[in-house]
Amino acid sequence: MSFAFFRNLTKPRPAQTEEREHHVAGRTLPLRIVENERARRLTLRIDAGGQSLRITVPPGLRQGEVERFLTRHQGWLEQRLAKVPDRPQVRPGIKIPLRGVPHLVVHEPGKRGTVVVGADETGPTLTIHGDRLHLPRRVADFLKREAKRDIEALVLRHTGAIGRKAKSVRFKDTSSRWGSCTADGNLSFSWRIMMAPPPVINYLVAHEVAHLKEMNHGPKFWKLCEELCPDTERCRAWLKKNGGALQAIAFE
């Protein structure tokens with residue numbers, strides 16, 4: 001895909017996005033190149049706890065500029081990725097957050113494969129029954145169910161507030177974004193957001209629902225987002241600061 005686009009002075013064109021892979025430090029990482037009309041220079045970011053890369057580019061930039069930019073920053077990427085800790089694996093004894101609260105993962109193999117939220121003398125727990133081999137997948141499935149319940153209710157609340165309907169609500173495990181809204185009203189969310197505090201979950205849903213009315217990130221969009229979620233700025237900052245750690249948790 002080329003970023004050598006001609007500008008149309010009479011009708012704004014949609015921002016362009018390219019998704020591909022980039023090889024660095026002996027690893028192959030997803031790379032997302034996103035055009036932003038407000039960008040004045042190229043910026044490179046390591047997302048998802050070191051599991052993906054993102055480049056933001058100004059409109060009309062040629063592909064060759066992106067390649068030269070990547071080449072110049074290859075050493076920087078290698079140094080930064082070398083400092084990224086190994087992905088924490090979901091296993092007995094580890095703590096993972098549920099709605100922002102750390103829960104100790106406990107394995108009890110002698111029962112049918114279920115997940116039970118509880119507490120012991122050490123604090124909140126997630127007790128997983130069944131075969132140890134399937135424990136990470138069972139925790140992931142549990143988070144997906146929790147996401148479906150909470151987020152679908154929040155979608156109904158926020159769509160009711162703006163007088164728009166979502167065509168569908170889907171759940172994925174995406175490494176480059178927490179949510180999305182298509183032009184025809186399909187909403188998608190990363191089920192990993194259930195590890196964030198409830199206000200952050202609410203912000204994410206408000207953000208994507210706001211796109212049903214404002215398919216951009218202009219002033220009208222942010223005004224609407226703040227009407228739906230008055231705590232938008234704080235929640236947005238929390239997700240930017242802590243989201244990578246949630247994305248880095250390995251459920252396989």
Side-chain angles (χ1 to χ4, degrees), residues 1-9 11-25 27-74 76-78 80-81 84 170-190 192-193 200 203-222 224-225 232-233 235-248:
M1 175 179 176
S2 172
F3 280 89
F5 302 111
F6 292 101
R7 298 192 181 193
N8 187 326
L9 299 179
K11 182 180 179 181
R13 57 174 178 75
Q16 305 296 310
T17 300
E18 177 187 359
E19 295 187 0
R20 68 185 210 213
E21 293 181 335
H22 183 64
H23 303 283
V24 58
R27 304 167 62 183
T28 300
L29 299 177
L31 169 63
R32 194 161 183 258
I33 304 171
V34 181
E35 189 182 72
N36 187 319
E37 63 181 9
R38 293 177 294 177
R40 296 294 176 264
R41 58 189 177 87
L42 291 88
T43 57
L44 173 61
R45 191 172 75 186
I46 301 173
D47 283 336
Q51 302 306 306
S52 67
L53 308 174
R54 175 189 175 101
I55 295 180
T56 303
V57 305
L61 193 76
R62 295 183 178 276
Q63 183 68 30
E65 291 296 320
V66 176
E67 301 302 332
R68 286 188 284 273
F69 178 78
L70 276 171
T71 299
R72 289 197 305 271
H73 290 82
Q74 193 80 348
W76 179 87
L77 276 176
E78 292 174 353
R80 289 302 181 94
L81 289 170
V84 174
R170 301 167 182 170
F171 300 93
K172 302 178 180 180
D173 188 12
T174 52
S175 61
S176 60
R177 60 174 65 183
W178 285 100
S180 64
C181 174
T182 65
D184 54 353
N186 294 308
L187 301 179
S188 294
F189 300 94
S190 169
R192 289 174 180 262
I193 197 63
V200 178
Y203 156 69
L204 177 65
V205 177
H207 183 115
E208 300 308 333
V209 167
H211 279 311
L212 293 173
K213 198 168 185 179
E214 298 288 341
M215 283 296 293
N216 54 68
H217 285 104
K220 289 183 179 180
F221 165 81
W222 288 114
L224 178 58
C225 195
T232 284
E233 284 303 317
C235 293
R236 186 183 178 195
W238 189 98
L239 196 55
K240 184 177 181 179
K241 179 180 179 181
N242 301 284
L246 302 185
Q247 294 282 14

Requested in this report: Look at the aromatic rings of Phe171 and Phe189 and report parallel, tilted or perpendicular, splitting at 30° and 60°.
Outcome: tilted
Requested in this report: Kindly give the heavy-atom pair with the smallest separation between Leu246 and Trp178, and that separation in Å.
Outcome: CB-CH2, 3.9 Å
Requested in this report: Using the side-chain contact (heavy atoms from CB on, under 4.5 Å) rule, take Asn36 and His217 through it: C-alpha gap first, then chi angles, then the decisive distance, then the call.
Outcome: CA-CA 10 Å; Asn36 187 319; His217 285 104; over 6 Å; no
Requested in this report: Check Gly185 against Leu212 and note the closest heavy-atom contact, atom names and distance.
Outcome: CA-CD2, 3.7 Å
Query - With sequence neighbours excluded, residues passing ring pair (Phe, Tyr, Trp, His ring centres under 6.0 Å) with Trp238 - result: none
Query raised in the report: Could you give the distance from CG (Leu53) to CG (Leu81), rounded to the nearest 0.5 Å?
Result: 6.5 Å
Report task. Using the side-chain contact (heavy atoms from CB on, under 4.5 Å) rule, take Leu77 and Leu44 through it: C-alpha gap first, then chi angles, then the decisive distance, then the call. Result -> CA-CA 9 Å; Leu77 276 176; Leu44 173 61; 3.8 Å; yes
Query - Euclidean distance, Glu18 CD relative to Gln63 CD, rounded to 0.5 Å - result: 5.0 Å
Requested in this report: Can you label the angle between the His73 ring and the Trp76 ring as parallel, tilted or perpendicular, going by 30° and 60°?
Outcome: perpendicular
Report summary line: Rounding to 0.5 Å, atoms OG (Ser52) and CG (Leu31) come to a distance of 9.0 Å
Query - Which atom of Pro58 lies closest to which atom of Ala39, heavy atoms considered - result: CB-O, 3.4 Å
**Report entry** side-chain contact (heavy atoms from CB on, under 4.5 Å) between Leu29 and Ile46, worked out
**Finding:** CA-CA 10 Å; Leu29 299 177; Ile46 301 173; 6.0 Å; no
Query raised in the report: Any ion pair linking Glu208 and Arg170 (charged N to carboxylate O, less than 4.0 Å)?
Result: no
Report summary line: Rounded to the nearest 0.5 Å, the CG atom of Asn242 sits from the CD atom of Gln247 at a distance of 12.0 Å
**Report entry** Considering all heavy atoms, the nearest Arg40-Glu37 contact
**Finding:** NH1-O, 3.2 Å
Report summary line: So NE2 of His207 and CH2 of Trp222: to nearest 0.5 Å the spacing works out to 5.0 Å
Query raised in the report: Which value, rounded to the nearest 0.5 Å, describes the distance between His22 atom NE2 and Ile55 atom CD1?
Result: 7.5 Å
Requested in this report: Quick one: list whatever passes side-chain contact (heavy atoms from CB on, under 4.5 Å) with Glu21, sequence neighbours left out.
Outcome: Thr28
Query raised in the report: Is there a donor-acceptor pair under 3.5 Å between the side chain of Glu78 and the backbone N or O of Val24?
Result: no
